[in-house]
2 protein chains.
Amino acid sequence: MSPARREQIGQRKTQQRDAIAAVIRQSDGPLTIVEIHLRARRRVAGRQLGIATVYRTVNLLLQREVIHSVILGDGQTRYESAGLDHHHHFRCRVCRTVYDLPGCMLDPPAGARLPAGFRVETHELTLYGTCPRCSRPPRRANR
Amino acid sequence: MSPARREQIGQRKTQQRDAIAAVIRQSDGPLTIVEIHLRARRRVAGRQLGIATVYRTVNLLLQREVIHSVILGDGQTRYESAGLDHHHHFRCRVCRTVYDLPGCMLDPPAGARLPAGFRVETHELTLYGTCPRCSRPPRRANR
DNA sequence: TTCATTGCAAAGTTTTTGCATCTTT
DNA sequence: AAAGATGCAAAAACTTTGCAATGAA
């Protein structure tokens, strides 16, 4: 009888995992899988980094709540450190840049004014519009 | 010379399209493609409804802004009528059901308390937690 | 009768998984 | 040496697209 497969994941420290975790930790905005892959790839010396490992590691970090996923409604899941202060995001409709917005703008602190029985654990708020750079119409043609 | 393919979509009224549009219009929460397919299927009499038609029709309705997509990051895009009053969503962590939450809980009515220069046009808020049904622990084993 | 619409199947994407190999411990 | 981790390729899940057949107008 073959012993059941009882792999314990997340037990070992590897270059790939370190690179992926560091990339997310050091980013100044949430990153997509592809972005994480591209950046982490440059950090592993003398070996490769497959996209499958990125997916596996990101899912591991999610489970451990080292990172959170960020949904911006464009169909691309992004990931950011879980250790950041509570904040929300702003995505510019024009240049697509995502900005972190410090603080929380939820009035009833995520719970009140809800139909009875709903227990809120987390929330995600994203604002969409035009960022300072894209709002300001150029006054002159060349400048 | 063969004439260019110049198909004009959305020109004809069919049972399939009517069924799909009605299902979304009458729902009390955003629906996934599969949910739309299941429900619309029951409404077409004497013919079939392929999943491809659901995708095509949903994309047509999206283009015309008859419906909007709702992305909650669980890998399932959902769709809802564009005509609804402003509202937000709650997704139950346990049963995955998505509920509509009427009204808005944003304190600074979506604009104030932002760094200067950011012009907010829309926003999206999603609450995650446990719904009434899943919060209430069963008092007895059989009931 | 014309040509948009449909279903099916094939092709594209994105994410997950099986497995042999490699590497950490 | 043992068992977790990786890369690759295959599989799974989700969408889109080509095409012949169907059906709305």
Side-chain angles (χ1 to χ4, degrees), chain A residues 2-24 31-38 40-64 66-67 69-79, chain B residues 2-24 30-38 40-64 66-67 69-79 96:
Chain A
S2 69
R5 239 278 166 110
R6 95 195 72 201
E7 199 172 296
Q8 305 273 52
I9 68 171
Q11 303 304 295
R12 293 177 183 176
K13 182 176 162 65
T14 67
Q15 260 193 71
Q16 288 91 334
R17 279 184 181 166
D18 287 348
I20 291 166
V23 159
I24 298 174
L31 299 174
T32 64
I33 289 287
V34 171
E35 290 167 337
I36 295 168
H37 187 206
L38 287 173
R41 198 167 224 175
R42 297 195 226 102
R43 287 169 171 260
V44 295
R47 63 195 68 179
Q48 300 193 283
L49 206 199
I51 192 83
T53 297
V54 179
Y55 277 108
R56 276 188 286 230
T57 302
V58 162
N59 285 333
L60 175 66
L61 296 174
L62 277 175
Q63 271 194 349
R64 306 218 165 154
V66 172
I67 66 176
S69 55
V70 176
I71 307 303
L72 296 176
D74 62 347
Q76 307 250 254
T77 304
R78 292 176 175 76
Y79 303 91
Chain B
S2 71
R5 242 274 165 115
R6 96 197 72 200
E7 200 171 293
Q8 304 274 53
I9 68 170
Q11 303 302 294
R12 292 178 184 174
K13 182 176 163 65
T14 67
Q15 259 194 72
Q16 288 91 333
R17 279 184 182 166
D18 287 349
I20 292 165
V23 160
I24 299 174
L31 299 175
T32 65
I33 289 288
V34 171
E35 290 167 338
I36 295 168
H37 187 206
L38 287 174
R41 199 168 224 174
R42 298 195 226 104
R43 288 168 170 259
V44 295
R47 64 197 68 184
Q48 301 192 282
L49 207 201
I51 193 84
T53 296
V54 179
Y55 278 108
R56 277 187 286 232
T57 302
V58 161
N59 284 333
L60 176 64
L61 297 174
L62 277 176
Q63 270 195 349
R64 305 213 166 158
V66 172
I67 65 176
S69 55
V70 176
I71 297 182
L72 297 177
D74 62 348
Q76 310 248 252
T77 303
R78 293 174 174 78
Y79 303 91
R96 318 247 126 172

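Each chain gets a letter, A, B and so on, in the order its sequence line appears, and its residues count up from 1. Worth saying up front: this structure is predicted, and the values here are computed from it rather than measured.
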- Item | Val23(A) and Arg43(A): CA distance, side-chain angles, deciding distance, side-chain contact (heavy atoms from CB on, under 4.5 Å) verdict | CA-CA 9 Å; Val23(A) 159; Arg43(A) 287 169 171 260; 3.6 Å; yes
Please state how far atom [atom1] in [X] lies from atom [atom2] in [N], giving the value in whole angstrom units.
| X | N | atom1 | atom2 | result |
| --- | --- | --- | --- | --- |
| Lys13(B) | dT6(C) | NZ | P | 13 Å |
| Ile20(B) | dG7(C) | CD1 | C1' | 12 Å |
| Gln11(B) | dT22(D) | CD | P | 23 Å |
| Gln15(A) | dT23(C) | CD | P | 10 Å |
| Leu60(B) | dT16(D) | CG | C1' | 15 Å |
| Gln63(B) | dT15(D) | CD | C1' | 15 Å |
| His37(A) | dC8(D) | NE2 | C1' | 12 Å |
| Arg56(B) | dA4(C) | CZ | P | 14 Å |

Using atom types as modelled and distance alone, determine if a side-chain donor or acceptor of [X] lies under 3.5 Å from a backbone N or O of [Y].
| X | Y | result |
| --- | --- | --- |
| Arg47(A) | Gln15(A) | no |
| Glu35(A) | Ile33(A) | no |
| Arg78(B) | Leu72(B) | no |
| His37(B) | Leu49(B) | yes |

- Task: Specify the residues of residues 69-79 of chain B, ordered by number, for which at least one heavy atom lies under 4.0 angstrom from an atom of DNA chain D.
- Result: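 Those residues whose heavy atoms fall under 4.0 Å from DNA chain D, taken from residues 69-79 of chain B in numerical order, are Gln76(B), Thr77(B).
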- Query: Quick one, which residues of residues 41-53 of chain B touch DNA chain D with a heavy atom under 4.0 Å?
  - Reply: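 Result for residues 41-53 of chain B: Arg47(B), Ala52(B), sorted by number.
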Would you say [X] reaches [N]'s phosphate, i.e. side-chain N/O to OP1/OP2 under 4.0 Å?
| X | N | answer |
| --- | --- | --- |
| Gln16(A) | dG7(D) | yes |
| Arg17(A) | dA5(D) | yes |
| Thr14(A) | dT6(D) | yes |
| Asn59(A) | dT16(C) | yes |
| Tyr55(B) | dT16(D) | no |

- Message: Given Tyr79(A), which partner from the list Leu61(A), Leu31(A), Val58(A) fulfils the side-chain contact (heavy atoms from CB on, under 4.5 Å) test?
- Response: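 Result: among Leu61(A), Leu31(A), Val58(A), Val58(A) is the only option passing the side-chain contact (heavy atoms from CB on, under 4.5 Å) with Tyr79(A).
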- Of all heavy-atom pairs between Gln11(A) and Arg64(A), which one has the smallest distance, and what is that distance?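 Answer, listing the atom of Gln11(A) first, then Arg64(A): NE2-NH2, 4.3 Å.
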- Task: Over all heavy atoms of both residues, which pair between Ile67(B) and Ile24(B) is shortest? Give the atoms and the distance, please.
- Result: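 Shortest heavy-atom separation between Ile67(B) and Ile24(B) comes out as CG2-CG2, 3.8 Å.
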- Query: Going through the distances and angles, do Arg56(B) and Ile9(B) end up as a side-chain contact (heavy atoms from CB on, under 4.5 Å)?
  - Reply: CA-CA 10 Å; Arg56(B) 277 187 286 232; Ile9(B) 68 170; over 6 Å; no
